[in-house]
Amino acid sequence: SAEEQQFNDLIAADSRIEPRDWMPDGYRKTLIRQISQHAHSEIIGMQPEGNWITRAPSLKRKAILLAKVQDEAGHGLYLYSAAQTLGISRDLMTDQLIAGTARYSSIFNYPSPTWADMGSIGWLVDGAAICNQVPLCRASYGPYGRAMVRICKEESFHQRQGFEILLELMNGTPAQREMAQESVNRWYWPALQMFGPPDDDSPNSAQSMAWNIKRFSNDDLRQRFVGMLVPQAEVLGVTLPDPDLRWNEERGAYDMGDIDWTEFHEVLAGRGPANARRLQRRRDAHNGGQWVREAAAAYAAKQAVKAVA
Amino acid sequence: SAEEQQFNDLIAADSRIEPRDWMPDGYRKTLIRQISQHAHSEIIGMQPEGNWITRAPSLKRKAILLAKVQDEAGHGLYLYSAAQTLGISRDLMTDQLIAGTARYSSIFNYPSPTWADMGSIGWLVDGAAICNQVPLCRASYGPYGRAMVRICKEESFHQRQGFEILLELMNGTPAQREMAQESVNRWYWPALQMFGPPDDDSPNSAQSMAWNIKRFSNDDLRQRFVGMLVPQAEVLGVTLPDPDLRWNEERGAYDMGDIDWTEFHEVLAGRGPANARRLQRRRDAHNGGQWVREAAAAYAAKQAVKAVA
Amino acid sequence: SHDIAEYALWLGDDSLVLAQHLGWWISRAPELEEDIALGNIALDLIGHARSLLHYAGAESGRTEDDLAYWRDEPEWRSAHLFEQPNGDFAHTIARQFIAAHYLFELYSALMNSTDATLAAIAAKAVKEVDYHRDHSIQWVLRLAQGTEESRRRMITGLSDLWPFLEELFVDEPLIDRLEGIAVRPSSLRALVEAAMSPVLAEAELGVPRGFISSGGGRRGDHSENLGPLLAELQVLARAHPGATW
Amino acid sequence: SHDIAEYALWLGDDSLVLAQHLGWWISRAPELEEDIALGNIALDLIGHARSLLHYAGAESGRTEDDLAYWRDEPEWRSAHLFEQPNGDFAHTIARQFIAAHYLFELYSALMNSTDATLAAIAAKAVKEVDYHRDHSIQWVLRLAQGTEESRRRMITGLSDLWPFLEELFVDEPLIDRLEGIAVRPSSLRALVEAAMSPVLAEAELGVPRGFISSGGGRRGDHSENLGPLLAELQVLARAHPGATW
């Protein structure tokens with residue numbers, strides 16, 4: 001069709017698709033899935049860090065952490081808005097999240113037992129997110145790409161803050177250094193898993209790349225991430241917990257040990273350490289706030305009637 | 001009337017009135033007021049001590065404290081039962097408590113900011129309660145007297161535990177000793193107020209004494225209490241915060257400083273430090289448990305139907 | 001002076017304790033917009049607390065963190081209102097409604113303090129607190145006139161928090177020693193009441209009657225909520241004496 | 001031996017953490033009879049914890065209080081089930097239902113331990129845990145078949161707690177080193193399931209499906225609830241190092 005041709009032309013020219021433009025069903029569905037999943041990740045991702053707001057060890061860190069978790073709520077909002085432009089409602093997305101039928105980044109099913117995790121989440125988890133997201137700023141769907149621009153700016157700020165938390169710890173007491181290393185040990189592999197399965201096991205990637213949603217393969221991004229981490233780890237003085245990690249002169253890249261994909265799939269299937277609690281918290285907040293949202297809606301309706309009268 | 005004569009004879013003989021016996025309206029009302037007030041005091045009195053169950057500084061103390069607070073719930077139950085024999089329902093008493101129309105001992109409107117308060121509450125508050133309650137074991141109304149016998153046994157155990165807590169503190173570090181003395185300073189005067197206003201300002205006392213409910217005047221009981229405290233305070237090594245307290249050889253009793261009845265009446269009138277929170281907690285527990293009690297009742301009704309069928 | 005430092009503690013502790021409560025809501029609010037709004041308010045309050053504790057500590061060579069993490073309960077100066085637990089959303093809003101009205105009038109007056117630091121902190125804070133006040137007013141109206149349930153909860157929340165208003169207007173002896181520097185608490189009563197009154201009228205809410213808490217926070221006598229709050233606030237810092245973060 | 005001490009910690013920490021949660025209900029239960037019942041259960045559990053921690057510490061010269069108050073989170077050995085928050089009454093009952101069934105089968109088997117101390121502790125505990133089990137069963141039946149609301153809450157509570165059952169049946173390497181002394185967790189699965197099954201059937205409750213928590217408590221990897229719980233549990237003791245109470 002002419003519409004389809006126009007869509008293909010826009011993609012071929014690496015131009016932006018906007019909400020009013022015609023788009024194939026598959027494109028729309030892929031984007032809805034990806035954007036809502038991303039939004040859910042921001043929202044669920046508030047929890048492991050929210051866990052330390054009340055216990056942050058200095059007022060400065062408390063303020064920074066609070067601001068960061070709040071930014072995540074903001075990211076969730078932008079992304080839900082972007083998804084809404086594709087014709088799905090925020091209520092439906094919320095319902096899917098609470099029902100456990102929607103996905104979010106599996107990394108947030110790990111708990112944050114120590115303060116150092118605030119560093120590791122910033123440095124490793126946000127770091128991986130940035131590697132994933134920077135190319136998405138050029139995603140073919142306009143509202144998504146623009147949301148990502150705004151988000152990426154804040155994420156790189158968050159990553160630097162995470163790095164600083166770890167740096168303070170590594171420059172601190174022996175107990176602080178141990179706390180930092182132990183935390184990096186726990187988050188390193190799950191962070192690598194954030195890029196998704198190896199390329200030869202990633203069936204949807206090709207189509208996403210053809211549509212200019214995805215720009216680089218999972219393994220490429222993972223490689224880029226590790227390349228970024230190694231010098232930073234040296235500055236920090238932490239050891240990345242991969243004995244097989246070494247520079248391969250020939251490939252001009254780091255060789256890595258094998259990722260435990262069994263664990264990845266276990267967590268994805270709902271058998272991680274914190275899956276149940278993450279959704280329970282979200283559900284309780286949502287259901288517990290039902291009466292508040294109803295009140296706000298009823299009040300708004302009454303005000304609208306008054307305005308007319 | 002013959003019934004009235006019989007009642008008066010029983011009182012004159014210092015015998016017991018039982019639920020099936022005729023009794024004057026005033027007697028019944030006085031007892032309902034006094035017993036339910038006493039029951040409410042046990043229930044509200046769980047709060048200042050419940051405050052430290054999660055933070056008790058040793059497992060032994062945690063167990064003892066838990067058992068004590070639980071005993072208070074038990075006392076509340078006996079006393080509500082005793083009041084019920086006079087024709088008032090537990091539901092009504094609970095409603096009166098929550099609505100703020102029933103009284104309870106004003107002492108429980110003070111907070112318990114330190115662990116030493118677990119000692120002072122036991123030693124001073126339970127101590128004062130015992131002085132009040134031991135004579136009530138001979139109260140003319142049978143169910144009340146019998147409840148008091150059981151309660152007094154446990155109370156004197158609680159008082160000893162409170163004394164032991166303070167003794168450990170006074171034998172402990174300087175910070176512990178300071179904690180103990182500071183706490184005794186806070187609780188001493190409110191404990192003296194537990195015996196009620198001075199005799200010349202206590203209008204209902206005469207009738208209660210005539211009915212063999214009350215056996216000693218407020219001031220007599222207060223004097224007896226202070227007489228008991230002074231040697232115990234010496235053993236503890238704490239100072240009772242009354243510079244005017246001294247032995248009066250002539251009277252064979254201790255002279256005391258003036259009690260601040262203004263504060264007493266302020267707290268009684270709802271202007272103490274914790275009145276609002278005490279009732280709020282009780283109300284929230286009661287209302288929050290409504291669905292549980294409804295479920296239990298519905299289940300019992302269904303089981304009863306099944307048993308018949 | 002020591003007196004000014006003490007006064008700065010009063011104000012700083014109020015804000016820090018309130019922020020500590022509000023921080024709990026992040027990831028638990030009734031809607032995402034409220035996660036953000038309550039987070040903003042908490043952030044503002046931490047900002048005020050940091051300025052005030054920094055100023056309070058300067059005289060004795062203590063940092064804001066020395067004061068926040070290493071004082072025991074009797075050394076805290078927060079008023080009981082700020083110590084009250086979050087309760088349900090209506091309780092949190094009722095606490096915000098009273099707190100923000102008080103803080104707005106307080107900082108408005110404190111801008112005229114002869115102490116330049118306090119005046120500067122107040123001038124910055126008053127704008128933020130004005131937003132907090134507006135936020136709470138909007139929710140008081142919504143909840144009071146939304147549904148039957150929300151109205152019931154708003155009435156309960158307001159009457160549960162109202163007893164703690166009185167303490168905010170008590171002139172402790174410290175105030176006499178800070179003439180022109182501190183704001184006299186009793187002077188705020190009429191202003192606070194006058195500002196809340198039209199909102200309560202529009203919301204068709206009566207002024208709650210009944211209990212009045214005698215308070216005592218300024219003298220270190222706190223409600224039972226402060227102890228557990230400090231346990232959580234201070235636990236990590238105290239596990240690592242001398243560490244920086 | 002060190003291994004036996006470690007095993008005693010597993011059991012002691014489970015009981016202590018659960019008791020700490022249950023203690024919160026005292027003065028907050030739906031009826032006075034439940035204040036007393038939950039208090040009794042908490043008391044029993046503290047008793048078990050004290051015996052077990054006393055035994056665990058003997059080898060290294062540490063007292064029950066050294067272990068309860070001076071271990072940091074990674075040194076705790078509680079399973080995640082016991083760490084889960086009280087939630088509403090149905091959550092507390094669901095946690096009790098699973099915990100008491102597990103503990104009953106555990107202690108029943110542990111009575112046959114070749115370690116005389118563990119066997120003796122188990123023999124005493126099993127009778128008390130039998131009462132806890134009965135208490136939870138009565139409430140599961142009442143809530144599941146009481147009102148519509150209570151049934152809805154019971155179903156939610158059970159499905160929120162069920163993910164934490166699995167961890168209780170994991171055979172950590174320690175177990176291989178304690179043949180005849182410790183109870184093999186995997187051996188309890190069938191017994192626990194068989195005991196719960198008729199209750200769930202009578203209550204017309206299905207076995208919840210969905211999440212399974214991977215746990216890790218026995219290795220010191222805890223849920224996010226443990227940190228704040230320990231902050232409150234330990235705050236006073238840690239403020240006074242070396243003091244006795």
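A, B, ... follow the sequence lines: proteins, then strands. Residue 1 opens every chain. Quick caveat: nothing in here was measured; it's all calculated off a predicted structure.
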Portion of C:I46 that has a non-hydrogen atom of chain A nearer than 4.5 angstrom: side chain
Distance-only side-chain donor-acceptor flag, C:N86 / C:H91, under 3.5 Å: no
C:A243 portion near chain A, given a 4.5 angstrom heavy-atom threshold: both
Contacting moiety of C:W139, where chain A heavy atoms sit under 4.5 Å: side chain
Heavy-atom pairs under 4.5 Å with chain C - which of A:G119, A:G172, A:A56 has more of them than the others? A:A56
Check for a donor-acceptor pair, side chain of C:Q234 on one end and backbone N or O of C:A68 on the other, with a separation under 3.5 Å. yes
Assess, by modelled atom type and distance only, whether the side chains of C:E128 and C:H48 contain a donor and an acceptor separated by less than 3.5 Å. yes
Please look at C:L16 and chain A and tell me whether the side chain, the backbone, both or neither of the residue comes under 4.5 angstrom of a heavy atom of that chain. side chain
Under a 4.0 Å N-O cut-off, is there an ion pair linking A:D126 with A:K68? yes
Identify which part of C:F89 has an atom lying under 4.5 Å from any heavy atom of chain A, answering side chain, backbone, both or neither. both
Quick check on A:I44 against chain C: is it the side chain, the backbone, both or neither that has a heavy atom closer than 4.5 Å? neither
Residue selection (most heavy-atom pairs with chain C, distance under 4.5 Å) from A:Q70, A:K60, A:E49, A:E168: A:Q70
Would C:R71 and C:W76 count as a cation-pi pair here, with the cationic atom under 6.0 angstrom from the ring centre and within 45° of the axis? yes
Whether the C:W25 and C:T92 side chains hold a donor-acceptor pair (N or O, under 3.5 Å, no angle test) is what I'd like checked. yes
If one checks every heavy atom of A:R61 against chain C at 4.5 Å, the contacting part turns out to be side chain
Who wins among C:A19, C:A29, C:P30, C:G242 for the most heavy-atom pairs under 4.5 Å with chain A? C:P30
Most contact-rich option vs chain A, by heavy-atom pairs under 4.5 angstrom, among C:E64, C:E31, C:E33, is C:E33
Are C:Y7 and C:D115 linked by a side-chain donor-acceptor pair shorter than 3.5 Å? no
For the residue pair C:R62 and C:H54, confirm or rule out a side-chain donor-acceptor distance under 3.5 Å. no
Using a cut-off of under 4.5 Å for heavy-atom pairs, which of A:L59, A:L66, A:L169 has the most such pairs with chain C? A:L59
Checking heavy atoms, do the side chain of C:I93, its backbone, both or neither come under 4.5 Å from chain A? neither
So which part of C:A239 gets closer than 4.5 Å to some heavy atom of chain A, the side chain, the backbone, both or neither? neither
Among the listed options C:L38, C:I26, C:V235, the residue most often paired with chain A at heavy-atom distances under 4.5 Å: C:I26
Proximity breakdown for A:M118 and chain C, heavy-atom pairs closer than 4.5 Å: neither
Of all of C:R50, C:E148, C:Q145, which one pairs up most often with chain A through heavy atoms under 4.5 Å apart? C:R50
Interchain contact, A:I165 with chain C, by part (heavy-atom threshold 4.5 Å): neither
Is it the side chain or the backbone of C:R153 that comes within 4.5 Å of chain A heavy atoms, both, or neither? side chain
Passing candidate, side-chain hydrogen bond (donor to acceptor under 3.5 Å, both in side chains) with A:H38, options A:R33, A:R103, A:H75, A:Q133: A:Q133
Greatest number of heavy atom pairs closer than 4.5 Å to chain C - which of A:H286, A:R282, A:K62: A:K62
Which atoms of A:S58 come close to chain C, meaning under 4.5 Å heavy atom to heavy atom: side chain ones, backbone ones, both, or neither? both
So, A:R293 versus A:Q290: side-chain donor-acceptor pair below 3.5 Å or not? yes
How about C:H240 and A:Q176: does a side-chain donor come under 3.5 Å of a side-chain acceptor? no
